[in-house]
There are 2 protein chains.
Amino acid sequence: MTINAEQRPVTLRDVAEAAGVSVSTASRMLDNRTPTSRTATAERVRKAADDLGYRRNTSAASLRRGATTTIGVLVPRLTDAVMALMFQAIEKEARSRGYFAVVATSGDDPKDERRATETLLDRNVDGLILATARLDDDLPASLRDRGIPHVLALRTDRVSPSALGDDEAGGYLAIRHLLDLGHRDIAVVTGPWFTSSARDRLAGARRAFSEAGRELASQLVHSVGYGLDDGIAIGHELFDAAGSRPTAVFAANDNLAIGVLSAARSLGIEPARDVSIVGYNDIPLISRLPVPLTSVRTPFDQIADAALDLLLPTGESGDPIRRSLPTLIPRASTARFHEQER
Amino acid sequence: MTINAEQRPVTLRDVAEAAGVSVSTASRMLDNRTPTSRTATAERVRKAADDLGYRRNTSAASLRRGATTTIGVLVPRLTDAVMALMFQAIEKEARSRGYFAVVATSGDDPKDERRATETLLDRNVDGLILATARLDDDLPASLRDRGIPHVLALRTDRVSPSALGDDEAGGYLAIRHLLDLGHRDIAVVTGPWFTSSARDRLAGARRAFSEAGRELASQLVHSVGYGLDDGIAIGHELFDAAGSRPTAVFAANDNLAIGVLSAARSLGIEPARDVSIVGYNDIPLISRLPVPLTSVRTPFDQIADAALDLLLPTGESGDPIRRSLPTLIPRASTARFHEQER
DNA sequence: CTGTTAGCGCATTCAC
DNA sequence: GTGAATGCGCTAACAG
């Protein structure tokens, strides 16, 4: 039961008085960071705190400790399912380590990205996780210069500590899957060239081809945005050229894949039967589409875990660029290629 | 140019010394809340702060002021597009008012909801915006009892201050649209009965029917979850009963609508031609689907604006339950009903 | 293990 | 207007 729940907030002093100890003792007993003591005094203090409805004043604690146990997460936008999943995983992992994750969105404008970063730093976060890294962006470098603890997630600039999926392996899995199904004319639609993910997934795709003694024709590679609209546009481009229609498409992002699928159907090309499509990230939506999409699953939880390992002072070091292995999830959008179908 | 960018953080003292004034003067000059002074001293202080790369210590300021200029937002999950849009709008509006919005996710479990609320309160937020309200939930009541400033968003318990869309009007618009297109056998799929949005949208639907001298048959009303899977399930239920197939469906949520559409197609029922479908919220995805969905657009920006008006001490009061009017966005998923088609 | 003491950095009194 | 003084609530020395 909570008493004195309103009016003047309950302070540590109140708790200490109620428990008949000094504030410093009370402070120690209520310190989450050390293992919960089971002594009589500790119990008494905790009970008093509970009875009074004590809640530590974070501002005071942070001021004194010089740390906020808060980490800032920067994403382009939360309305992108991939970013929502990434933040969700980070938030959960942070919580399990006693930290609180706050998020700011940067949009696509580097200027907004700076603004959002400053906003986060203004809140005195203990560290930053950026899911926005562009290979041509100097924000990570600027953070390094300023000595601000940070980790890149999902993408890397190949310098700052980074936690991401093994995009090269993922690209390989996708193409390998299509090759195994008998496809030969495979188009690859990848994201913006300024993202490491786009480049690495393409590199993995190339490896799969060359391993099969083939090569990825450059006219079948398209680097576009990561949006649904980009997928629709590229889909039309791929399928309108009736002569050289690919029998399969690897879209290095689920949004792109949905767009490609949508374009295909609007042109009377039936997914799976006429064209196989593989996406990337395995966002929840795609398994419930009329034609469930085959996709490469990004292990967001592992990435979040690695990101926090890199960010927080856990002692143990190791490779500052951690890549978690993705998995291919086969679904209805990919099917064996039969010559006669064409 | 930023000097002293690392090492010991720059404090107000440093700025004051550099500008040749006292800390209290420096504090005043740098106070964002009062109109920016244009005096010479003010300029000097600001320049010094800038040169030194001064950044106010939020913890200290909050401790002293007794307020954090932070508001907490509680949503079930950010991977739900509706919630991501709502948070995004709140975050933007909060920022424009000098506040910072932090988010916590509650899942569907009331226990987690409590935990998430406490997490937010532990960060000493100045107020709470809840997008999770259930009519059977006593969290808002508990916040009222504890005197914690809060506003409900998107849903209301009809007691606490609330900012939401006018769901009754939205439901009316949706059904009116379908009636105008000549549909008579219209099914209504609404969300969980514990949400005010589900009830109000249904009420609006009923009003449109009765206004047309008709009545909504109870066997055509389904209250389910708000998920894609719920839509798929209900879609099958609606369309499998071959005899009494409705010619139109109003799904009180876009996810439901996508599910219904997906179910329809998997049963060989062509959206628009065989069945018209209206969704709700107008999340970005639905305009890019193979069959773009007609939907009722929820004005998230206005709702965010109203929520902050209600939460922050702006002086002006008024109705504590603010409803913003939605708009119907007609797209390809709804078409005129022709008798012969059946 | 406990209590006493001294700030963390800042905003706001209160005098001038 | 400006500056000196005070303390927000808490934690970390330090001493016992």
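Throughout, a chain's letter reflects where its sequence line sits, starting with A, and its residues are numbered from 1.
Within the nucleic acid shown, B:T41 comes within 4.0 Å of sugar-phosphate atoms alone, with no base atom in reach, counting heavy atoms only. Residue contacts shown for B:L12 are limited to sugar-phosphate atoms, with no base heavy atom under 4.0 Å away.
Under the 4.0 Å criterion applied to side-chain N and carboxylate O atoms, B:E91 and B:R95 are assigned as salt-bridge partners. We find that B:D50 and B:R46 are not joined by a salt bridge, their nearest charged nitrogen and carboxylate oxygen being 4.0 Å or further apart. Using a cut-off of 4.0 Å between Lys/Arg side-chain N and Asp/Glu carboxylate O, B:D309 and B:R97 are scored as salt-bridged. Between B:R134 and B:D157 there is no salt bridge, since no side-chain nitrogen of the basic residue lies less than 4.0 Å from a carboxylate oxygen of the acidic one. By the 4.0 Å N-to-carboxylate-O rule, B:R322 lies too far from B:D305 to be salt-bridged with it.
Taking the side chain as every heavy atom from C-beta outward, A:L128 and A:I71 never approach each other to under 4.5 Å.
When only modelled atom types and interatomic distance are considered, B:T70 and A:R123 share a side-chain donor-acceptor pair under 3.5 Å. One side chain, B:S197 or B:Y226, offers a donor N or O that lies under 3.5 Å from an acceptor on the other.
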For this session: Show the numbers, then the answer: is there a side-chain contact (heavy atoms from CB on, under 4.5 Å) between A:M83 and A:L154?
Result: CA-CA 9 Å; A:M83 293 304 165; A:L154 293 178; 4.2 Å; yes

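Here C:dG3 presents its C1' atom at 14 Å from CZ of A:R13, a figure rounded to the nearest Å. When the C1' atom of C:dC8 is taken as reference, atom CZ of A:R64 falls 6 Å away, rounded to whole Å.
For DNA chain D, the outermost nucleotides in 5' to 3' order that have an atom under 4.0 Å from a heavy atom of chain B are D:dT2 to D:dG9.
To the nearest 0.5 Å, the span separating CD on B:E93 from CD1 on B:I303 amounts to 12.5 Å.
Contacts between residues 118-128 of chain A and DNA chain C, counted as heavy-atom distances below 4.0 Å, involve no residue at all. Residues from residues 23-36 of chain B placing a heavy atom under 4.0 Å of any atom in DNA chain C, listed by number, are B:S24, B:S27, B:R28, B:R33.
Sequence order on DNA chain C of the closest nucleotides to B:R55 and A:V21 puts A:V21 first from the 5' end.
Between the side chain of A:S142 and the main chain of A:D138, no donor-acceptor pair closer than 3.5 Å is present.
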